[in-house]
Amino acid sequence: MLTSKGFDLWADEYDKTVQLSEESNTYPFAGYKEILNVIFNESMQKPNSDILDIGFGTGVLTRKLYEQGHHIDGVDFSSNMIALAQPTMPDANLLEWDISKGLPPEILGRQYDSIISTYALHHLPDKEKAEFIAMLRPLLKDGGKILIGDIAFETREHLNKCRLDSIAYWDDDEFYFVHDEMRSLLKIPSEFYPISHCGGVFIIEK
Ligand SMILES: C[S@@+](CC[C@H](N)C(=O)[O-])C[C@H]1O[C@@H](n2cnc3c(N)ncnc32)[C@H](O)[C@@H]1O
């Protein structure tokens, strides 16, 4: 599992790594642009909304929402990722924080129209993911949504097939979403929209 220092070292090359994987339609980032687009379009349904981004990285998605006039809070534990993202959205409230410790105190009293997270939550084991998502839900305004785009599969069989097909690159230290398993852990309704052979979007409503 990558530590904050690992992400610090990856920060400058991150966008290029994603682009190569997305363009060749291979694990882990096949479908990346479409996944971000789905979340962008969902988040755009309300103008000037309040958005929280968990693990915003270099800010590829967050920045687009910021430029459209949304109010952005963000959490990421890599200071180098924050250093790349913050100058491109100077008024966004970007906090350095490790989500394995829960949520930062600064945002606990806040309410959001959308809580978004792309390619970040697979760093938490499944039980911690479910507990973390349960912590996010009270931060939603009425009608608000949690939108998660990540490496994700309908079933464990789909994951195992992708693992075999991508065995040279597969990262056994990460914890990818399996929808039918997450559904029982979450105990709240969630919709899953597969986008590529290894990625998709979860939508959880308040
Ligand atoms: C693969 S990048 C995804 C970045 C961006 N959301 C995207 O879609 O391109 C994962 C991001 O999550 C952050 N991250 C991973 N584990 C984290 C943790 N425990 N707490 C806070 N941020 C974390 C990393 O620093 C990194 O910026």
Side-chain angles (χ1 to χ4, degrees), residues 1-23 26-43 51-67 70 72-89 92-108 112 114-133 135-136 139 146-152 169-171 173-177 195-196 198-202:
M1 197 170 6
L2 273 188
T3 60
S4 57
K5 290 286 156 257
F7 279 103
D8 282 347
L9 291 172
W10 193 12
D12 281 336
E13 292 298 313
Y14 175 76
D15 290 345
K16 206 187 292 168
T17 317
V18 171
Q19 190 187 355
L20 288 174
S21 169
E22 136 84 19
E23 283 175 3
T26 51
Y27 160 90
F29 290 109
Y32 177 85
K33 279 189 195 155
E34 202 181 329
I35 286 171
L36 267 56
N37 268 337
V38 168
I39 295 180
F40 176 80
N41 290 332
E42 280 286 335
S43 308
I51 297 178
L52 171 64
D53 189 342
I54 304 291
F56 51 82
T58 57
V60 175
L61 173 59
T62 343
R63 177 163 50 253
K64 280 174 70 182
L65 292 163
Y66 175 88
E67 285 165 356
H70 298 281
I72 304 290
D73 284 350
V75 175
D76 201 293
F77 72 174
S78 161
S79 55
N80 285 6
M81 291 285 191
I82 297 173
L84 288 172
Q86 186 76 76
T88 68
M89 34 184 172
N93 178 30
L94 303 182
L95 303 168
E96 188 174 334
W97 179 265
D98 181 348
I99 57 165
S100 66
K101 298 189 200 131
L103 286 164
E106 291 93 324
I107 62 166
L108 281 178
Y112 299 96
S114 306
I115 300 178
I116 66 176
S117 183
T118 54
Y119 293 88
L121 294 183
H122 66 255
H123 297 289
L124 298 180
D126 284 354
K127 192 165 164 286
E128 280 181 37
K129 276 204 266 294
E131 286 166 3
F132 186 71
I133 292 167
M135 259 181 249
L136 293 175
L139 303 189
I146 299 173
L147 304 159
I148 299 168
D150 212 319
I151 301 163
Y169 311 102
W170 191 263
D171 189 339
D173 290 334
E174 299 188 331
F175 310 96
Y176 303 135
F177 285 85
I195 306 276
S196 73
C198 61
V201 175
F202 287 88

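Note that ligands are numbered from 1 as they come in the structure, with each ligand's atoms numbered from 1 the same way. Remember, predicted model here, so these are calculated numbers, not experimental data. Position 1 is the first residue of the sequence; numbering continues from there.
In summary, the aromatic rings of Phe7 and His123 are positioned with their centroids under 6.0 Å apart. Between Tyr32 and Tyr119, the ring centre distance stays below 6.0 Å.
Put simply, CD on Glu174 and CG on Leu2 are 7.0 Å apart, with the number rounded to the nearest 0.5 Å.
When only modelled atom types and interatomic distance are considered, Asp76 and Ser78 share no side-chain donor-acceptor pair under 3.5 Å. Residues Tyr176 and Tyr27 bring a donor and an acceptor atom of their side chains to less than 3.5 Å of each other.
In terms of protein heavy atoms, atom 3 (C) of ligand 1 is closest to Tyr14 OH, 3.2 Å. Residue, atom and distance of the protein heavy atom nearest to atom 19 (N) of ligand 1 are Asp98 OD1, 2.9 Å. The shortest contact between atom 14 (N) of ligand 1 and any protein heavy atom is with Phe77 CE2, 3.5 Å. Among all non-hydrogen protein atoms, the one lying nearest atom 1 (C) of ligand 1 is Tyr119 O, 3.2 Å. What sits closest to atom 8 (O) of ligand 1 on the protein, heavy atoms only, is Thr118 OG1, 2.6 Å.
Listed by number with element, the atoms of ligand 1 under 4.0 Å from a non-hydrogen atom of Ala120 are 12 (O).
At least one heavy atom of Asp76 sits less than 4.0 Å from an atom of ligand 1. In this structure, Leu61 does not count as a contact residue of ligand 1, since none of its heavy atoms falls inside 4.0 Å of the ligand.
Where the criterion is an N or O separation shorter than 3.5 Å, residue side chain and backbone included, Gly55 meets it with respect to ligand 1. When only interatomic distances are considered, the shortest N/O to N/O separation between Ile99 and ligand 1 falls below 3.5 Å. For a threshold of 3.5 Å applied to N or O pairs, the pair formed by Tyr32 and ligand 1 contains at least one separation below that value.
Looking at heavy atoms from C-beta onward, Ile148 lies out of side-chain contact with Ile54 at the 4.5 angstrom threshold.
Annotation: cation-pi geometry not satisfied between Lys129 and Phe175 (NZ/CZ under 6.0 angstrom from ring centroid, within 45° of ring axis).
Remark: Glu96 pairs with no residue by the salt bridge (Lys or Arg N to Asp or Glu O under 4.0 Å) rule, at least two apart or across chains.
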